[in-house]
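Okay, handing you the structure first.
Residue numbers start at 1 and run along the sequence shown. First listed ligand is number 1; within each ligand, the first listed atom is number 1.
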Amino acid sequence: MLRRTLLLSAIAIPALSACASTVGAADPMAPLPHDTSSHARPDEARVRHVSLDLTADFDRKVFHGKATLDIVARNDAREIVLDSDGLVIRAVRAGTREAAYTIGEVSAGKGAPLTIQLNGPRQIEIEYESAPNASALQWLEPAQTASNKRFLFSQGQSIHNRTWIPTQDSPGIRQTYDARIVVPADLKAVMSAEMLTPDGEPAGEGQRAFRFRMPQPIPPYLIAIGIGDLAFRAVGPRTGVYAEPSVVERGAYECADMERMMDVAEALYGPYRWGRYDVLILPPSFPYGGMENPRLTFLTPTFLAGDRSLVSLVAHELAHSWSGNLVTNAVWADSWLNEGFTSYIEGRIGEALFGAEHARMAEALAWTDIQAALTTVTPDGQRLHWVGEVDANENSSAITYDKGATFLRTVERIVGRDRLDSYLRSYFDRYAFQPMTTQAFLADFRQHVVRGDAALEARLMLDQWAYEPGIPSNAVAPVASGFDEIPNYVAAFVAGGPAAAAPWEHWNTMQRQRYLQTMPRQLPAERLRELERAFALDTIGNMEVRFDWLMIAVRNGYQPSGPAVERFLSEQGRGKFVRPIYRALMDEGAWGQNLARTLYRNVRGRYHPIVQAGVDRIVTPA
Ligand code: BES
Ligand code: ZN
């Protein structure tokens, strides 16, 4: 087993093998597939290290300061091309001298190339500031936080970090980083890196500085920052929770299983290579469920159900410490290598902690999502490896996540769990801190598992899974006995029986979701009132369940739940919840459209720029 240590990958050794299936090996200039989402030309010159010295200006909603980049370049390289989006460049220096630079044409969603002349020195310093509307950053007003203090967080994936960091923003180009961040003295900064100054250090009148270091080379979308009134609670020796003080206890309760999750993942896939694993619970406008920023997963507060029933989210983000952060999709068209693998590992962690039946229920819910995607998504959108013009922001999760995970579960069933486990462990070792493509993964899998066995090759249908639309015929629908009785309860309710006949109190969250998700699309108002009253669905604390209910209510134009819909859309801004509700409202004629337009006018400003952009396309003017 060939294991490239961090030390080896940090120095410039040539690629250890010329095998065409190996991308981005330890050679810092190893060839990369073309990334249509980046302006960088990594075959000429690459950023290897980013050093940030930035001040967070909450009044102007900008970062200003400088980024110093260490570069590796071909001997004949005359320039390096970075990504930038809305950055205001003040000066660029190479060594001690001013360096010539140009900002090229902006292309939609990708920003502009920032091209800097290279005259010898392999270190460049860029003095700049971000724009107040940088899409990676959300500057929150005190009223938007639990502490009633200002808050800032970043979201890099997929191509947003170029709005606050001038670097090559392509997932195949790995960079180490360090940072010094100056913030108002009543706030604390955290980053996806080792914290060097837990209490900060003085940095002039009313300000404190926090320093960080990320010694492992990471794709630049994983550089992340949070600034706010943050407290910390340890939950295990290597794990803990950062959140605003009034949230941190609830957070620590919800995350109690984190250390065990790490142990399970390490036993399966090898050592956790990042030091600590902490989570940061963000204010409710965080646009995603979670984001796997290394050493510091970012989480939505909407997973705080009070009963640990939504912690598969944490298992998912932790799993990215292997699939995604250690072995990384070289281009966004191969997102399934990050998300599909991670969803599979999430399931394995859940199975180890909560049992096989729990895992089967999660698989069954995902299977239903896949079936829905097969009827709603175009054939091109049903491929794991995206073809054609792909928007790095678009992502049918049922395909990338659930079809991807189903692929690995199919492989598991055919080759055996032990064989897949030991293969995956060796895969993470072989390609640690390297980019990966679908092609390279399939070649590696064939080399180590299929080994020319034609019968096995035929049974696996690897190419069909990776490159074709739909679900190949060797997939097996998951069977969850915990769902067996649910159709009967749905039928009894639809026939007019009391909702309380269902054993709701004994059901777990996934069973409740199954019950709601399998209700007929049209229900009379009287049935909806009965359902809501039986389980207090308008106000139920579990946000996944409340979302499923509100989708039913909206799709039936059930106006008594209008206020609950407004509350739901006002109190959190998670895209996965917010977008489908607005979409359903806009499909509902005058009632829904009026509600959506009026409400959105009021709450748009609270949503994250990424979510605003999505909802802007849904809630169109009358
Ligand atoms: N890496 C993703 C979040 C992401 C995906 C950000 C694409 C930007 C573009 C993260 O790991 C994720 O998948 N989050 C999910 C939760 C998960 C349990 C499916 C989410 O946010 O809902
Ligand atoms: Zn993920």
Checklist entry - Are any of the N or O atoms of Leu313 closer than 3.5 Å to those of ligand 1? => result no

Checklist entry - For ligand 1, which atoms, with element, lie under 4.0 Å from some heavy atom of Arg574? => result 22 (O)

Checklist entry - Does a side-chain heavy-atom distance below 4.5 Å link Asp444 with Tyr423? => result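 Side-chain contact under 4.5 Å: yes.
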
Checklist entry - Taking the N/O/S atoms of Glu339 one by one, which is nearest to the Zn ion (ligand 2)? => result OE1

Checklist entry - Sub-3.5 Å donor-acceptor pair from the side chain of Gln216 to the main-chain atoms of Arg273, do we have one? => result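 Yes, Gln216 side chain to Arg273 backbone: donor-acceptor pair under 3.5 Å.
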
Item to check | Interfacing atoms of ligand 1 (cut-off 4.0 Å, heavy-atom, Gln155) | outcome: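 So the answer, numbered in order with elements, is 6 (C), 8 (C).
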
Checklist entry - Purely on distance, is any nitrogen or oxygen of Gln157 under 3.5 Å from one on ligand 1? => result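 For ligand 1, there is an N or O atom that lies under 3.5 Å from one belonging to Gln157.
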
Next on the checklist: Assess, by modelled atom type and distance only, whether the side chains of Thr300 and Arg574 contain a donor and an acceptor separated by less than 3.5 Å.
Outcome noted: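 Distance-only check fails for Thr300 and Arg574.
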
Item to check | Per atom 2 (C) of ligand 1, closest listed option by heavy atom (His320, Glu339, Met291) | outcome: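 Of the listed residues, Glu339 has the closest heavy atom.
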
Checklist entry - Any side-chain donor-acceptor pair under 3.5 Å between Tyr277 and Glu259? => result no

Item to check | Cationic N near anionic O, under 4.0 Å, Glu266 to Arg425 | outcome: no

Item to check | Nearest neighbour of atom 14 (N) of ligand 1 from the list Glu292, Lys576, Glu317, on a heavy-atom basis | outcome: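 It is Glu317 that holds the nearest heavy atom.
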
Checklist entry - Looking only at side chains, do Asp85 and Thr163 share a donor and an acceptor under 3.5 Å apart? => result no

Item to check | Salt bridge flag under 4.0 Å for residues Arg238 and Asp263 | outcome: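 Answer for the salt bridge query: yes.
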
Checklist entry - At a 4.0 Å threshold, what atoms of ligand 1 neighbour a non-hydrogen atom of Gly289? => result 20 (C), 21 (O), 22 (O)

Next on the checklist: Given Tyr401, Phe577, Trp332, Phe303, identify the one with the heavy atom nearest to atom 19 (C) of ligand 1.
Outcome noted: Tyr401

Next on the checklist: With respect to Ser312, determine whether any N or O atom, backbone or side chain, lies less than 3.5 Å from an N or O atom of ligand 1.
Outcome noted: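 N/O-N/O distance under 3.5 Å: no.
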
